[in-house]
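Just so we're clear, the structure is a prediction, and the values are computed from it rather than from any experiment.
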Amino acid sequence: MTGSNRSTGAPTGSTTTGEESGTATATAVTIAGSDADFRADTSRSFLSRLYTGTGAFEVIGKRRMWYLVTALILAVGIISIGVRQFTFGIDFEGGTQISIPVSQGITSQSVEDIVGKALGSAPDSVQTAGSGSSETVQVRTDALSAEQARAVTVALTDAYAPTLKAADVSISEVSSTWGREITEKMLLALAVFLVIVFVYIAVRFDREMSIAALATLFFDIICTAGVYSLVGFEVTPATVIGLLTILGFSLYDTVVVFDKVSENTRSVLQTTRRTYAEQANLAVNQTLMRSINTTIISVLPIIALMVIAVWLLGVGTLKDLALIQLVGVVVGTYSSIFLATPLLVTLKERRREIARHTARVLDRRAAIAAGQDPDVGNTPPRRRPSRAATGRGAAEDDTPTAPSGKRRRAR
């Protein structure tokens with residue numbers, strides 16, 4: 001009686017029959033496809049569904065709507081880039097930069113008026129930088145001749161005498177060569193980055209995920225550039241450097257979602273309960289809260305950097321770097337959730353095996369709705385029997401071999 005209550009597995013040294021092999025295979029398929037029995041829980045509250053990732057948010061099923069939203073964003077960005085273009089900094093366009101220390105009576109508005117009268121035209125831009133005793137007014141103009149620079153210096157010292165002296169006025173020429181070199185190196189680095197990304201994702205996952213990831217990165221670039229063009233933010237070398245940083249963040253978030261999609265869809269073709277798109281939507285829901293948390297944690301220090309750069313230090317480079325990162329993080333979060341995975345599903349459903357599997361799942365559900373047997377004609381493909389079960393050494397009958405009681409010699 002004691003022996004009859006033990007495990008039902010085959011005894012040591014026994015031969016596995018074809019029937020037992022088929023049963024083991026069916027059990028493995030059932031266990032591997034257990035996630036196909038998942039059903040979205042829509043009865044919970046919004047925050048509960050968001051935190052637990054129950055699959056109740058339909059992202060993939062509404063991908064056409066997200067495609068339209070994405071296309072609208074791209075259209076606005078491209079039109080803005082073509083019509084408004086960009087506001088390039090002095091490092092890209094070249095010119096003259098005039099720096100004046102701020103003291104009593106010196107304001108950016110008064111400096112703009114004095115420089116404009118001295119040159120006969122308004123300067124390109126006037127802004128303050130720094131804070132406290134190091135605060136300065138920086139004026140950007142076209143390239144000035146020696147006579148024009150001398151006239152501006154005289155006009156400023158006469159207006160703010162005796163507080164401001166000629167030695168306090170700093171006038172420097174900035175060439176556009178450096179900005180052009182930075183742009184060329186950025187484009188080269190971007191091309192190398194995209195090639196490495198495509199190869200890595202194709203090796204780590206598959207070709208469709210590589211295409212979806214690259215499309216997401218191109219969207220991030222165009223959307224971020226469109227925001228700069230639309231709002232009129234100044235493009236500086238720090239902006240160009242920050243662009244590569246946000247692409248890394250967007251790619252990281254996309255790869256995390258793709259990894260969960262790969263995990264959820266690993267055995268989806270072995271069942272007829274859920275489609276590839278539904279399993280991918282579940283993966284998006286399971287990583288949605290993580291993406292939101294990552295974005296919040298990334299945005300908080302960026303905002304702190306902007307506050308320190310603008311109100312405390314007044315450092316323009318930090319402000320430009322933080323601004324591009326803030327825009328890029330928000331854009332990257334949107335694209336990794338609402339563009340990357342929906343595009344992946346669209347590409348996957350063009351495969352024959354995925355399309356046939358989706359049709360089988362829909363046919364099974366239609367049969368259930370009609371009150372028919374859902375398993376008729378929808379049996380998932382079974383694996384071929386092993387050579388041990390079909391070869392010459394296999395037993396001719398289905399009678400299990402009695403255990404011999406001998407231990408198999410360890411090899």
Side-chain angles (χ1 to χ4, degrees), residues 25-26 28-40 53-68 70-71 197-219 251 253-288 335-369 372 374-384:
T25 303
V29 171
T30 302
I31 295 175
S34 58
D35 60 346
D37 294 327
F38 183 86
R39 289 294 181 270
T54 57
F57 297 102
E58 190 59 63
V59 177
I60 305 301
K62 298 180 180 179
R63 59 182 181 271
R64 291 186 178 180
M65 180 189 71
W66 296 118
Y67 288 160
L68 292 176
T70 302
V197 166
F198 182 83
V199 174
Y200 169 76
I201 298 182
V203 173
R204 173 62 179 84
F205 296 105
D206 53 41
R207 182 183 59 186
E208 286 84 359
M209 289 188 177
S210 291
I211 297 175
L214 287 184
T216 301
L217 292 179
F218 279 116
F219 169 81
L251 179 65
D253 204 17
T254 301
V255 169
V256 169
V257 178
F258 280 178
D259 185 68
K260 192 62 179 178
V261 172
S262 178
E263 177 183 345
N264 285 4
T265 59
R266 187 169 296 132
S267 58
V268 69
L269 296 181
Q270 300 175 2
T271 68
T272 55
R273 295 181 182 275
R274 288 174 64 82
T275 64
Y276 183 95
E278 291 170 343
Q279 290 296 90
N281 186 76
L282 176 61
V284 172
N285 279 263
Q286 290 172 337
T287 56
L288 184 59
S335 63
S336 63
I337 296 174
F338 299 105
L339 177 60
T341 308
L343 183 58
L344 170 64
V345 172
T346 300
L347 295 174
K348 284 288 187 179
E349 288 183 343
R350 300 179 68 177
R351 287 190 176 187
R352 291 183 178 180
E353 60 272 21
I354 300 295
R356 286 196 297 262
H357 173 263
T358 302
R360 288 201 307 268
V361 174
L362 298 180
D363 291 343
R364 182 179 187 276
R365 293 176 181 175
I368 294 176
Q372 302 174 1
D375 296 327
V376 175
N378 282 303
T379 304
R382 301 182 64 178
R383 299 178 180 177
R384 295 179 61 183

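Counting all heavy atoms, side chain and backbone alike, T341 lies closest to V261 at CG2-CG2, 4.0 Å. Here the closest non-hydrogen pair linking P342 and I337 is CD-O, 3.7 Å. Scanning both residues, L347 and A212, for their nearest heavy atoms gives CD1-N, 4.3 Å. When all heavy atoms of T216 and S336 are compared, the pair lying nearest together is CG2-N, 4.3 Å. Contact record, L343 with A215: CD2-CB, 3.5 Å, taken as the closest heavy-atom pair. Here the closest non-hydrogen pair linking S210 and A202 is OG-N, 2.7 Å.
A salt bridge between R356 and E353 is absent, with no side-chain N of the basic residue lying under 4.0 Å from a carboxylate O of the acidic one.
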- With side chain to side chain contact (heavy atoms under 4.5 Å, CB included) as the test, would you mind laying out the steps for V345 and N281 before giving the verdict? CA-CA 9 Å; V345 172; N281 186 76; over 6 Å; no

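V257 places none of its side-chain heavy atoms less than 4.5 Å from the side chain of L288.
Each of Q286, R274, E278, Q279 was evaluated against N264; a single residue qualifies, Q286, per the side-chain hydrogen bond (donor to acceptor under 3.5 Å, both in side chains) test.
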Side-chain donor-acceptor contacts of residues 59-66 below 3.5 Å, not counting sequence neighbours, with atom names and distances?
from, atom 1, to, atom 2, distance (Å)
R63, NE, T346, OG1, 3.3
R63, NH1, I60, O, 3.1
R63, NH2, E349, OE1, 2.8

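Note: T287 OG1 to D259 CG = 10.0 Å, rounded to the nearest 0.5 Å. Distance check: T275 OG1 to L269 CG gives 11.0 Å after rounding to the nearest 0.5 Å. L344 contributes atom CG, which lies 5.0 Å from atom CE of M209 (distance to the nearest 0.5 angstrom). Note that CD1 of I211 is 11.0 Å distant from CD1 of I201, once rounded to the nearest 0.5 Å. Separating the CZ atom in R351 from the OG1 atom in T358 is a distance of 12.5 Å, to the nearest 0.5 Å.
The closest donor-acceptor contact from the side chain of H357 to the backbone of T271 lies under 3.5 Å. N285 places a side-chain N or O within 3.5 Å of a backbone atom of F57 that can act as its donor or acceptor partner. In this structure, the side chain of R360 does not engage the main chain of A355 through any donor-acceptor pair within 3.5 Å. With hydrogens and angles ignored, the 3.5 Å screen pairs no side-chain donor or acceptor of S262 with any backbone N or O of F258.
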